[in-house]
Amino acid sequence: MNDLEEFIKNVKFSKHCKFCEGIDDSIEDPKHHPSYEITKKCNLNCIFCYSRVAERSKTVPEPGYYGEMNPKVITISQYGEPFASGEKEVARIIDELRKIFGEVRIDIQTNGTYDLKILDGRADIVMISISAGKREKYAEICGVDAFPKVLENLKKVSGFAYTIVRTVYLPGINDSELVDIAKIAAEVDELFIQPVSVYRENLPSLNRLDFDRAESIYDFIKSAFSVSEIANIRLPGCFLKNLKAFLENYDFQELKFVKRNVFGDYPAIRRKRLFVL
Ligand code: SF4
């Protein structure tokens, strides 16, 4: 077994993926965790953003709780930047969700540009999106010069919650940043690397993406492996489940020829809205 095979055998899925239907073999059409959508707004303008595409295609969900009444995990939120609606509003929503659902795990996805201290004692997992390792590249990818602020917030959050650096792998754009990203993530609990999904509306901003490499599962794994000595690398649970199923049936070398479809459908939430707080 070579080093890369060994890595695939041992690498874990993100803690965020625990209890997601995406890692459950018995579910035919898995859905993402239940979520509470707070706002469609965002203060950044990331080149790969699906939320912006969803807003233009009118598939972005209205604020509210999407899921069932016995969730193990609630994600806040899948679309927009929750803190764009204000810290007090995020605190209020989490407190209300706790009143209804008690000890449910609360995972929050944020770009980390706002003060996050209200999450202390409220969120179980904080995922901060960082897809660049240097200030200039961050501004290029996210459209705003907020890198120092994000690093400052990341440090603070890691003092009180399980903290994940969430990176979208963009070969040709941020692959040269991976080592720096991993060094940043080495200070927190995990580096969750996700392959990019491309939406046609984002093609102009992704013109430097190396599509051949973005399609290659082998390239993605190799890149994740290349920084595995630096940070605690975690991969998407649904991706890992499919990868392991493939390797049960095919020779490892065949992985070099497998391509993923990088183009995503219009992102749409697949759960019903049950209530608004
Ligand atoms: S990455 Fe996949 S397994 Fe993980 S939470 Fe998202 S849909 Fe679920």
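All residue numbers in this chain count up from 1 along the given sequence. We count ligands from 1, going down the list as the structure has it; atoms in each ligand are counted the same way.
- Close approach of ligand 1 to Cys20 is summarised as follows: ligand atoms under 4.0 Å from at least one heavy atom of the residue are 3 (S), 5 (S), 7 (S), 8 (Fe).
- Neither side chain, Gln109 nor Thr75, offers a donor N or O lying under 3.5 Å from an acceptor on the other.
- A salt bridge links Glu89 with Arg92: at least one charged nitrogen is closer than 4.0 Å to a carboxylate oxygen.
- Looking at Lys40 and Glu62, a side-chain N of the basic residue comes within less than 4.0 Å of a carboxylate O on the acidic one, giving a salt bridge.
- A salt bridge is defined here as a Lys NZ or Arg NE, NH1 or NH2 lying under 4.0 Å from an Asp or Glu carboxylate O, and Glu5 with Lys9 fails to meet this definition.
- If you number the atoms of ligand 1 from 1 as listed, the ones under 4.0 Å from a heavy atom of Pro236 come out as 1 (S).
- Using a 4.0 Å cut-off to heavy atoms of His16, the atoms of ligand 1 that qualify are 5 (S).
- Contact atoms of ligand 1 toward Cys238: 1 (S), 2 (Fe), 3 (S), 7 (S) (distance under 4.0 Å to a heavy atom of the residue).
- For ligand 1 and His32, the ligand atoms under 4.0 Å from any heavy atom of the residue are 5 (S), 6 (Fe), 7 (S).
- For Lys155, the NZ atom is loosely surrounded, since the number of other residues' heavy atoms within 6.0 Å does not exceed 12.
- Contact annotation: for Cys17 versus ligand 1, heavy atoms closer than 4.0 Å belong to both the backbone and the side chain.
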